[in-house]
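Remarks on the structure that follows.
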Amino acid sequence: MIDLSADLGEGADGEEQIWPLIDSANVACGGHVGDAQSMRDAVVRAREHGVRLGAHPSYPDRENFGRVSLSIAHDALRASLVAQLDALRAFAPLHHVKPHGALYNDAHGDRALAEVIVDAIGSMAIVCSDSSQMATVARKRGVRVIREAFADRRYEPDGSLMSRKLAGSLLTVDEAAQQAAMLASEGSVTARDGSRIAIPFDTICIHADMQHAVDRLRAIRAAIRN
């Protein structure tokens with residue numbers, strides 16, 4: 001069965017409806033959003049629904065929800081990431097770590113930044129694109145990589161995600177279901193230029209903070225599990 005995952009603990013409407021529909025969760029742990037109460041609540045829901053619990057750390061930038069690239073010293077970033085992970089694992093053991101937002105996107109092609117992230121997570125599995133520098137660094141160090149694909153985002157021809165600032169980057173309910181079905185059957189997606197690109201994956205992620213996230217996830221489940 002294909003693992004379905006979501007980024008949670010971010011205060012989005014309808015999050016409580018997403019927990020029963022997923023297998024793995026990436027929970028915000030204070031860098032871009034989240035506090036002790038939201039993390040505690042996420043742990044309770046994960047246990048209730050048998051969902052694998054992972055951390056979703058980011059640049060320390062609550063003002064911009066972690067979606068803006070920061071120029072920050074590597075030592076300071078590493079310390080922030082470790083603190084974020086510690087904040088969540090104070091409530092429960094973690095299964096994996098998935099960087100959030102701009103940090104995830106920046107580290108896709110930045111080897112030095114990927115090194116900092118893998119330093120911070122230690123031996124825990126990392127969730128990232130198969131083609132990411134994070135995956136390259138993790139594999140070199142013997143850290144497990146959980147390859148991630150997105151059902152609700154449009155891809156660039158190089159396998160990176162289209163910027164959320166661009167029209168068409170966020171897929172509709174029907175488009176997301178179609179993309180998930182293509183991933184499940186062919187391991188590929190149609191990029192924004194119309195080319196078909198391979199996306200090796202172990203988990204398919206949806207974003208809980210997107211409009212109609214619950215409907216999108218239900219449509220995706222129907223597309224790949226019926």
Side-chain angles (χ1 to χ4, degrees), residues 5-13 15 18 22 24-35 38-39 42 53-74 76-85 87-88 94 96-121 124-135 137-138 145-156 158-166 168-171 176 199 203-211 213 216:
S5 55
D7 302 336
L8 293 170
E10 297 177 331
D13 291 339
E15 274 201 10
I18 288 178
I22 60 173
S24 302
N26 315 306
V27 175
C29 40
H32 62 293
V33 71
D35 55 23
S38 67
M39 287 184 268
L53 181 72
H56 199 36
S58 72
Y59 284 125
D61 183 19
R62 296 173 73 91
E63 181 180 356
N64 296 298
F65 200 72
R67 288 193 172 140
V68 175
S69 298
L70 290 187
S71 177
I72 179 172
H74 285 175
L77 176 59
R78 186 182 298 107
S80 174
L81 295 175
V82 170
Q84 291 175 56
L85 300 181
L88 181 55
L94 301 179
H96 62 270
V97 178
K98 175 193 168 182
H100 164 81
L103 180 61
Y104 182 103
N105 293 334
D106 292 347
H108 181 86
D110 187 328
R111 178 64 175 259
L113 190 56
E115 295 273 5
V116 172
I117 293 169
V118 178
D119 281 348
I121 71 173
M124 280 186 291
I126 187 167
V127 177
C128 59
S129 165
D130 181 64
S131 61
S132 170
Q133 285 295 318
M134 291 180 285
V137 172
V145 175
I146 300 173
R147 303 168 300 173
E148 183 177 47
F150 291 91
D152 55 7
R153 295 286 304 277
R154 186 93 57 199
Y155 280 85
E156 295 285 3
D158 67 355
S160 62
L161 296 177
M162 272 183 69
S163 168
R164 282 175 175 256
K165 298 176 182 179
L166 300 177
S169 63
L170 309 182
L171 302 189
I199 305 290
T203 185
I204 294 179
C205 182
I206 67 102
H207 293 87
D209 63 335
M210 284 172 55
Q211 191 175 19
R216 191 177 287 103

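Hydrogens, waters and symmetry mates play no part in the numbers below; they use all other heavy atoms, side chains included. Numbering of residues begins at 1 and proceeds along the displayed sequence.
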Min side-chain heavy-atom separation H207-R164 under 4.5 Å:
yes

So does R78 pair up with D119, basic N to acidic O under 4.0 Å?
yes

Which atom of C128 lies closest to which atom of A135, heavy atoms considered
SG-N, 3.6 Å

Approximate separation, where rounding is to 0.5 Å, of S5 OG and I146 CD1:
9.0 Å

Which atoms form the tightest heavy-atom contact between L85 and P57, and what is the distance?
CD2-CG, 4.1 Å

What class does the angle between the rings of H32 and H56 fall in, given that below 30° is parallel, 30 to 60° is tilted and above 60° is perpendicular?
perpendicular

Main-chain N/O of V137 paired with E115 side-chain donor or acceptor, under 3.5 Å
no

Just verifying a value: how many Å separate L171 CG and I206 CD1, rounded to the nearest 0.5 Å?
12.0 Å

Kindly give the heavy-atom pair with the smallest separation between A208 and I18, and that separation in Å.
CB-CD1, 3.5 Å

Only one of E148, H108, M134 passes side-chain contact (heavy atoms from CB on, under 4.5 Å) with S129; say which it is.
H108

Roughly how far apart are I121 CD1 and Q84 CD, rounded to 0.5 Å?
13.0 Å

Quick check for you: to the nearest 0.5 Å, what is the distance between I126 atom CD1 and H96 atom NE2?
10.5 Å

Interatomic distance, S58 atom OG to K98 atom NZ [nearest 0.5 angstrom]
12.0 Å

Correct closest heavy-atom pair for L77 and Y59 would be CD1-CD2, 4.0 Å

Atom of P60, atom of I72 and distance for their closest heavy-atom approach
CG-CD1, 3.8 Å

Specify the closest pair of heavy atoms between D209 and A12, including all atoms of both residues, with the distance to one decimal.
CA-CB, 3.7 Å

Would you say D13 has more than 12 foreign heavy atoms packed within less than 6.0 Å of its CG?
no

Would you mind reporting whether L53 and L94 have side-chain heavy atoms less than 4.5 Å apart?
yes

With a 3.5 Å distance limit and no angle check, can you tell me whether R62 reaches the backbone of G34 through a side-chain donor-acceptor pair?
yes

From CA spacing to verdict: side-chain contact (heavy atoms from CB on, under 4.5 Å), R147, T203:
CA-CA 6 Å; R147 303 168 300 173; T203 185; over 6 Å; no

Atom pair CG (L113) and CG (L103), whose distance is rounded to the nearest 0.5 Å:
5.5 Å

Would you mind reporting whether Q133 and D110 have side-chain heavy atoms less than 4.5 Å apart?
no

Sub-3.5 Å donor-acceptor pair from the side chain of N64 to the main-chain atoms of R67, do we have one?
no

Do the side chains of V97 and L81 get nearer than 4.5 Å, heavy atoms only?
no

Within the structure provided, determine whether S169 and L161 are in side-chain contact (heavy-atom separation under 4.5 Å).
no

The criterion is side chain to side chain donor-acceptor pair (under 3.5 Å); which residues satisfy it with Q211, sequence neighbours excluded?
none

